[in-house]
Amino acid sequence: AEAAKSTTITLRGGHGCKLIGGSWISGTSTCKINTSINPNTDIILKGGVVLLFSHDNTLNINLTINSGTRLKIDSSVTLTVTHIINSGIIDNNGILVIGPGGFDNYNLISNNIGATFNMTTANNYNEPAGTIFNIGTININNGVTVDNSGMINNNSGAKITNNNGATIINNSGGTIDSSGTINNSGTITNSGTISNYLNAIITNTATITNSGTITSNGTITNNSGGTIDNYGTITSQNGGTITNQSGATINNYSPAMITNISGSNFINGGTINSTGNIKNYSNLFSNGGSIVNNNNGLITSNGTITNSGTITNNDSSIIENKSVGIINSNGTINNNSHTVITNFGTIANKVAGVINNNDHALIENKSVGTINNFGTITNNPYTVIDNSGNITNKVAGVINNYVAGEIKNESGGTFTNNGTFTNFWLITNYSGGTIDNNGTFTNNETINNSGTITNTGTFTKGTCNNIGSGTGC
């Protein structure tokens, strides 16, 4: 049989309403559909008309909603349309299903409380002047793309689900404001702005790629299997929480920035790979997974970092703990290959903590800096620990300076040993520097001393050279 051919009806009054099978309500310029209408009749709305569906319909048509007109769907009604071009208002209180032609929105789609907006196939475009206002539920299905250059406003209590195989593209100039929930099992690509407000939730089990701006006062959770690739800016602020779960990955590419503002929470149980910048201003930054700072990456902290996992500093990268910064570590910190850890604040290496200084790396403790070691610090070959502040090796602490490693105690620096301190290469105590030994200090190689060494513990001196006004060898 020959396929039905669509006709086009322009609906601007009672005559057009009758032609499509509706009832005209003249006082409100409303064409009310109480029955199933011809599914192959293209409809164009003009002249301020309102098209109201009060009956389920599946329409294989192009529906054009011009400026000043409105499509309205009653609650408990399902409307399925192949393609919608909207320059007016879509007011959905029921279930709106967009088919293979998708939608082009130039004005307002309002998905109201209790309503559902399902996108089943094809590409859907929210143009620069377009707004999608969601207080209900939006489902984006496998194979569907939502391309946003306008505004998507996901309100409190509302939900957007981007399913496996689905894609949301938020273009430069596009905005997604959410006070509700966004669940992503597909792909979200952001070149614009995503704002996740107080009590809002974003969960990711697939891929989010950001080259724009993401700010969160709410919760962002990257679940196991999820990947966030950041080329732009991600900020947790005003009590927000970003959680990278075990099995999840955040890749922070240069020159991208991840910032945890004071009062906000950043929790890593998975893997963070960073060649960009990570800035912490909060006392709520915790790592129980792996953070790898690579290729000139920079981690700076003006707050507190609590580490029970592994932090690795690689390839000319820098970790800088500022004057108000605190690093509490029960895990492992690896400072590798021409990297620098600079401390202006406090580093507490706890009983189970391990700090490894490896392969031409530098740990620099500035004049206002304090390092308290309850665990193990290992200074390996061709590395330097340079102290101008205070380093205290606590009673259970162990510090080993291995062959070709050097510990420098600068003028004004104090190095106090209450635990076990073993030197296999070179310790230089400069004029004005002090080494206080109250524990076990074993020198198996060389100490060059121009400052002061005091001993109330066990001191195996080995080759210990007093230089100039140096005392204690």
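Hydrogens, waters and symmetry mates are skipped; everything else that's a heavy atom, side chains included, is used. Keep in mind it's a predicted model, so treat the numbers as computed, not measured.
- With salt bridges taken as basic N to acidic carboxylate O contacts below 4.0 Å, one links Arg70 and Asp91.
- The shortest distance between side-chain heavy atoms of Phe415 and Ile407 falls below 4.5 Å.
- Between Thr332 atom OG1 and Ile311 atom CD1 the span is 9.5 Å, to the nearest 0.5 Å.
- Using modelled atom types, one finds a donor on one side chain and an acceptor on the other under 3.5 Å when comparing Asn307 with Asn287.
- A side-chain N or O of Asn126 and one of Asn148 form a donor-acceptor pair less than 3.5 Å apart.
- Not a single donor-acceptor pair under 3.5 Å links the side chain of Asn204 to the backbone N or O of Thr221.
- Here the side chain of Asn162 pairs a donor or acceptor atom with the backbone of Thr187 at under 3.5 angstrom.
- When all heavy atoms of Leu71 and Leu45 are compared, the pair lying nearest together is N-CD1, 4.4 Å.
- Using modelled atom types, one finds no donor on one side chain facing an acceptor on the other under 3.5 Å when comparing Ser308 with Asn330.
- Judged by distance alone, with hydrogens and angles left aside, the side-chain atoms of Asn357 form no donor-acceptor pair with the main-chain N or O of Thr378 at under 3.5 Å.
- Within the 4.5 Å cutoff, the side chain of Asn196 has heavy atoms near those of the Ile220 side chain.
- With hydrogens and angles disregarded, no donor-acceptor distance shorter than 3.5 Å links the side chain of Asn423 to the backbone of Asn400.
- Under the 3.5 Å distance criterion, with hydrogens and angles disregarded, a donor-acceptor pair is assigned to the side chains of Asn280 and Ser301.
- Taking every heavy atom of both residues into account, Asn105 and Thr131 meet most closely at ND2-O, 3.3 Å.
- Under 3.5 Å, the side chains of Asn373 and Asn349 contain a donor-acceptor pair of N or O atoms.
- The line from CD1 of Ile73 to OG1 of Thr116 is 11.0 Å long, rounded to the nearest 0.5 Å.
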**Request:** Decide yes or no on side-chain contact (heavy atoms from CB on, under 4.5 Å) for Ile95 and Asn118, but give the supporting numbers first.
**Result:** CA-CA 7 Å; Ile95 299 173; Asn118 292 330; 4.0 Å; yes
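- Atom CD1 of Ile188 is separated from atom CD1 of Ile169 by 11.5 Å, given to the nearest 0.5 angstrom.
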**Asked** Given the rule in the side-chain contact (heavy atoms from CB on, under 4.5 Å) test, do Phe53 and Leu59 qualify, once you have shown the distances and angles that lead to the verdict?
**Response** CA-CA 12 Å; Phe53 280 86; Leu59 307 178; 3.8 Å; yes
**Asked** Could you go step by step and tell me if Ile341 and Leu362 meet the side-chain contact (heavy atoms from CB on, under 4.5 Å) rule?
**Response** CA-CA 6 Å; Ile341 296 175; Leu362 170 64; over 6 Å; no
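- Contact annotation: the side chain of Asn268 approaches that of Ile291 to within less than 4.5 Å [non-hydrogen atoms, C-beta and beyond].
- The two residues Tyr253 and Thr275 have their closest heavy-atom pair at CA-OG1, 3.5 Å.
- Asn153 and Asp177 are not linked by any side-chain donor-acceptor pair at a separation below 3.5 angstrom, with hydrogens and angles left out of the test.
- Between Ser282 and Ile261, the shortest heavy-atom contact is CB-O, 3.4 Å.
- In this structure a side-chain-to-backbone donor-acceptor pair under 3.5 Å is missing from Asn356 to Asn335.
- There is a side-chain donor-acceptor pair under 3.5 Å between Asn171 and Ser149.
- For the residue pair Asn379/Thr383, the side-chain donor-acceptor check at 3.5 Å is satisfied.
- The CD1 atom of Ile363 sits 14.0 Å away from atom NZ of Lys408, with the distance rounded to the nearest 0.5 Å.
- Under the 3.5 Å distance criterion, the side-chain polar atoms of Asn336 are left unmatched by any main-chain donor or acceptor of Asn314.
- For the residue pair Asn183/Thr203, the side-chain donor-acceptor check at 3.5 Å is satisfied.
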**Prompt:** How far apart are the C-alpha atoms of Ile138 and Ile132, what are their side-chain angles, what is the distance that settles it, and do they pass the side-chain contact (heavy atoms from CB on, under 4.5 Å) test?
**Reply:** CA-CA 10 Å; Ile138 295 176; Ile132 299 173; 4.0 Å; yes
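- For residues 81-116, the set of pairs meeting the ring-ring contact (aromatic ring centres under 6.0 Å, His included) definition, not counting sequence neighbours, comprises Phe103-Phe117.
- Put simply, the side chain of Val49 does not reach to within 4.5 Å of the side chain of Leu51, judged on heavy atoms.
- Inter-residue side-chain proximity for Leu52 and Asp74 is flagged as met; some heavy-atom pair is nearer than 4.5 Å.
- Between Ile98 and Thr120, the shortest heavy-atom contact is O-OG1, 2.8 Å.
- Note that the CG atom of Asp104 and the CG atom of Asn124 stand 8.0 Å from one another [nearest 0.5 Å].
- Side-chain contact between Thr243 and Thr219 is absent, with no heavy-atom pair separated by less than 4.5 Å.
- With Ile377 as reference, Ile371 is the one residue of Ile371, Asn401, Asn393, Val398 to meet the side-chain contact (heavy atoms from CB on, under 4.5 Å) rule.
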**Item:** Test log, rule side chain to side chain donor-acceptor pair (under 3.5 Å), inputs Asn313 and Asn293
**Value:** CA-CA 5 Å; Asn313 202 32; Asn293 194 36; 2.9 Å; yes
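- The structure places CD1 of Ile347 at 6.0 Å from CD1 of Ile355, a figure rounded to the nearest 0.5 Å.
- Judged by distance alone, the side chain of Asn328 and the main-chain N or O of Thr306 form no donor-acceptor pair under 3.5 Å.
- Formation of a donor-acceptor pair under 3.5 Å by the Asn244 side chain with backbone atoms of Thr271 is found in this model.
- Using a distance-only test at 3.5 Å, with no hydrogens or angles considered, no donor-acceptor pair links the side chain of Asp147 to the main chain of Tyr125.
- Counting all heavy atoms, side chain and backbone alike, Asn387 lies closest to Gly389 at OD1-N, 3.0 Å.
- A donor-acceptor pair is defined here as one N or O able to donate and one able to accept, closer than 3.5 Å; such a pair exists between the side chain of Asn57 and the backbone of His55.
- Side-chain contact, Thr428 with Glu406: a donor N or O sits under 3.5 Å from an acceptor N or O.
- Lys322 and Glu320 are joined by a salt bridge, as a carboxylate oxygen and a charged side-chain nitrogen come within less than 4.0 angstrom of each other.
- For the pair Ile168/Ile140, a side-chain contact is recorded, criterion being any heavy-atom separation below 4.5 Å from C-beta on.
- No more than 12 heavy-atom neighbours from other residues, nucleotides or ligands sit within 6.0 angstrom of OH on Tyr382.
- Counting only heavy atoms from C-beta outward, the side chains of Asn170 and Ile194 approach each other to under 4.5 Å.
- Donor-acceptor pairing under 3.5 Å is recorded for the side chains of Asn358 and Asn380.
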